[in-house]
Trainee: 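Sharing a structure with you now.
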Amino acid sequence: MRAEESGPGSAGAAGELSPAARRLYAYAVERHAFDTCEATGALGVRAAAAITELAAAHLLQRAPGDAPDRWSAVAPRAAAARALAPLALLVRETHDEMDRLRGRLEALVPAYEAGTAHRDLSGSGRLELVTDLGAVRGLIAELVATCERELLTSQPGGGRPLETLEESIGRDESLLTRGVRMRTIYQHTARYSRPTAAYVERVTALGAQVRTLGDGLMRMLVFDEHTGLMAVPDRSGAALVVREPSVVHFMTAAFERSWVGAEPFPTSVSPEAARSISDELRQMIVRLLSEGLEDKVIARRLGMSERTCQRHIAEIMRAVGAKSRFQAGYLLAAAAAPPPGRQDTPRTVASGPAGDPITRQTGPVRGSGGHGGRGGSA
C-alpha cells in the first residue's frame, strides 16, 4: 500500500482530504450504500481509515437499516452545513455579546458629551498629559486616521529606530493616499540612517515632503492645525496633547520657521553633500562647545551618538590647539567675539582637519535656534 493512502494522518495541514479518502468518496457517491469489505475490495486498499476520515468530515453517514457497517455518501453542501453549525452558533453568540457591550458603552455617550462640553468651555481640556506609551501610540493612530488636510512632524534625534518606522509606514502611506499633505523635519544626522532614508524614499514617492535641520528641533506633531502633540522633557514615552488654538498656532509657526531654514532630505547622499553637512555639524558643535555644554548634551542636541560627538570635539580641540574642553570653549568663545563697534561679523575661529573652516556667525540670533545664519528652529 502507498504511504499517501495510509489514512487520515496523510491529510494536508489545511484539512484537505487524503487521496485515499477522495477515492473512497468517489466510490461512495456512485452507490446507495456500501460496507468496509466492499470498499476495500473495490479500491484495493484498507478502507477503514478513509471511512473514519470521511465520517469526521460529515461526508459519510450510517446507511438506514439494520446493518451497522453500511455507509452512504452525504452531499458536500449538507456536510458543510453540519460542520459549520457550531461555528455559526459561536459567531451569533459573539455578535450578540458585541451588541450588548456596545449598548452598555454607548449609554455613557450623553454623559461624556456633556462633560467634554463643560470642559471645553472652562478651557481645562485644552492641555492633556498622557503618560502611557501605549495610549500615546493609540492617540497618534486615531489622529492620523482622522487627519484631513495636513500633518506636520518634527523629529529630532537623528535616524529613526527601525521598529518605529515599521510601525508608522503603513499608517503614513494610508494618510498620503487619502490626499493629506505631510511635511516632516529630521536632523541632518538622519541622512546617514539607511532605514530612515528608505522610509523617506517610500513616503516622498507618495507626495510627502521631508527636510533636515541641524539643531533646535522640538519633537512634535500637528494635525490639521487644530491638535498638537509635544514631547515631555524627562518623561520618556509621555506626550502633551494640545488643543488650545493659540498654542497650536505657535507650534505651527515654529514648524514653519524651521521648515524655511531646512534642506530637502536626499534619498542618497553624495560625497559633496556629506562634506557640506559634516562641516555644518562641526560649526554647530563649535557653537555649542563655546557655550560650555557637555558632550552628551551636544550629542543629544545634534542627534548623534556621544562617541561621534566626542570624535568631532577632539578634532576641533586639535585644530585650535586646546589641551582641555574648558580651554577649547574659552578660545572658541573669544575668537567668536566681534571686534568693538561691529556686528554680524563672521570670523574663522579654527580650521578642521581637512582645512575646512569652522566658523561662527555672530550678531543677532534669528529665531530661538539660529546657527550659521539659518532660520530659527521649532
Side-chain angles (χ1 to χ4, degrees), residues 116 120 125-130 135-161 164-188 190-191 193 195-232 238-267 303 367-369 374-378:
T116 53
D120 291 342
R126 295 177 178 178
L127 296 176
E128 177 185 0
L129 179 63
V130 181
V136 172
R137 287 175 171 171
L139 179 60
I140 292 174
E142 178 183 349
L143 289 170
V144 169
T146 57
C147 189
E148 297 179 350
R149 297 187 305 277
E150 183 175 43
L151 167 61
L152 307 178
T153 305
S154 174
Q155 295 286 4
R160 309 297 296 142
T164 301
L165 296 172
E166 291 176 343
E167 177 186 352
S168 61
I169 184 63
R171 185 175 61 211
D172 294 343
E173 287 180 334
S174 175
L175 178 88
L176 292 165
T177 54
R178 297 201 313 267
V180 178
R181 189 183 183 195
M182 178 177 167
R183 289 187 288 159
T184 299
I185 305 177
Y186 293 128
Q187 287 189 277
H188 288 327
R191 299 186 181 203
S193 166
T196 304
Y199 163 84
V200 170
E201 186 172 8
R202 286 181 63 175
V203 295
T204 52
L206 293 174
Q209 299 179 66
V210 183
R211 296 183 181 182
T212 64
L213 195 64
D215 183 25
L217 284 183
M218 176 176 63
R219 191 179 307 279
M220 65 178 183
L221 298 90
V222 180
F223 300 86
D224 288 337
E225 297 186 19
H226 69 67
T227 303
L229 267 70
M230 291 192 297
V232 180
L240 181 66
V241 184
V242 181
R243 299 184 179 90
E244 167 58 45
S246 59
V247 180
V248 175
H249 175 75
F250 171 80
M251 295 170 66
T252 303
F255 179 93
E256 295 294 354
R257 289 195 298 272
S258 295
W259 183 259
V260 170
E263 300 176 4
F265 190 124
T267 54
S368 61
R374 289 193 173 277
S377 63

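Side chains are part of it too, since the values below use all heavy atoms of this structure and drop only hydrogens, waters and symmetry mates. Model, not experiment: these values are computed from the prediction. Residue numbers start at 1 and run along the sequence shown.
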Trainee: Check whether any side-chain N or O of Thr227 sits under 3.5 Å from a backbone N or O of Phe223 as a donor-acceptor pair, and report yes or no.
Mentor: no
Trainee: Do Tyr199 and Ser168 have side chains that get closer than 4.5 Å, going by heavy atoms?
Mentor: yes
Trainee: Could you check whether any side-chain heavy atom of Gln209 comes within less than 4.5 Å of a side-chain heavy atom of Met182, counting everything from C-beta outward?
Mentor: no
Trainee: Report yes if some heavy atom in the side chain of Phe255 is under 4.5 Å from a heavy atom in the side chain of Val222; otherwise report no.
Mentor: no
Trainee: Test Gln155 against Arg219 for side chain to side chain contact (heavy atoms under 4.5 Å, CB included), laying out the working first.
Mentor: CA-CA 5 Å; Gln155 295 286 4; Arg219 191 179 307 279; 2.6 Å; yes
Trainee: Is any side-chain heavy atom of Thr204 less than 4.5 Å from a side-chain heavy atom of Phe265?
Mentor: no
Trainee: Is it true that a side-chain atom of Arg211 and a backbone atom of Trp259 form a donor plus acceptor pair closer than 3.5 Å?
Mentor: yes
Trainee: Let me confirm one number: the CG-CD distance from Leu151 to Glu225, rounded to the nearest 0.5 Å.
Mentor: 12.0 Å
Trainee: Once you round to the nearest 0.5 Å, how far does CG of Leu206 lie from CG of Asp172?
Mentor: 10.0 Å
Trainee: Is the shortest heavy-atom distance from the side chain of Val203 to the side chain of Thr184 under 4.5 Å?
Mentor: no
Trainee: With rounding to the nearest 0.5 Å, note down the distance linking CG in Leu229 to CE in Met220.
Mentor: 11.5 Å
Trainee: Looking at every heavy atom in both Ser154 and Pro156, which two are closest together, and how far apart are they?
Mentor: O-CD, 3.6 Å
Trainee: Has Ser174 got a side-chain atom pairing as donor or acceptor with Arg171's backbone, closer than 3.5 angstrom?
Mentor: no
Trainee: For a quick test of reading the model, state the closest non-hydrogen atom pair linking Val130 to Ala135 and the distance between them.
Mentor: CG1-CB, 3.8 Å
Trainee: Would you say Val242 and Leu127 make side-chain contact, with heavy atoms under 4.5 Å?
Mentor: yes
Trainee: Hey, could you give me the OG/CD1 distance between Ser258 and Ile185, rounded to the nearest 0.5 Å?
Mentor: 5.0 Å
Trainee: Tell me if a side-chain donor or acceptor on Arg181 pairs with a main-chain N or O of Arg149 at a distance below 3.5 Å.
Mentor: no
Trainee: How far does CE of Met230 sit from CG of Leu221, to the nearest 0.5 angstrom?
Mentor: 11.5 Å
Trainee: Would you check if the side chain of Arg178 reaches a backbone N or O of Cys147 as a donor-acceptor pair within less than 3.5 Å?
Mentor: yes
Trainee: When rounded to the nearest 0.5 angstrom, what is the spacing between CG in Leu217 and OG1 in Thr153?
Mentor: 11.5 Å
Trainee: Is it the case that atom CD in Glu148 sees more than 12 heavy atoms from other parts of the structure closer than 6.0 Å?
Mentor: no
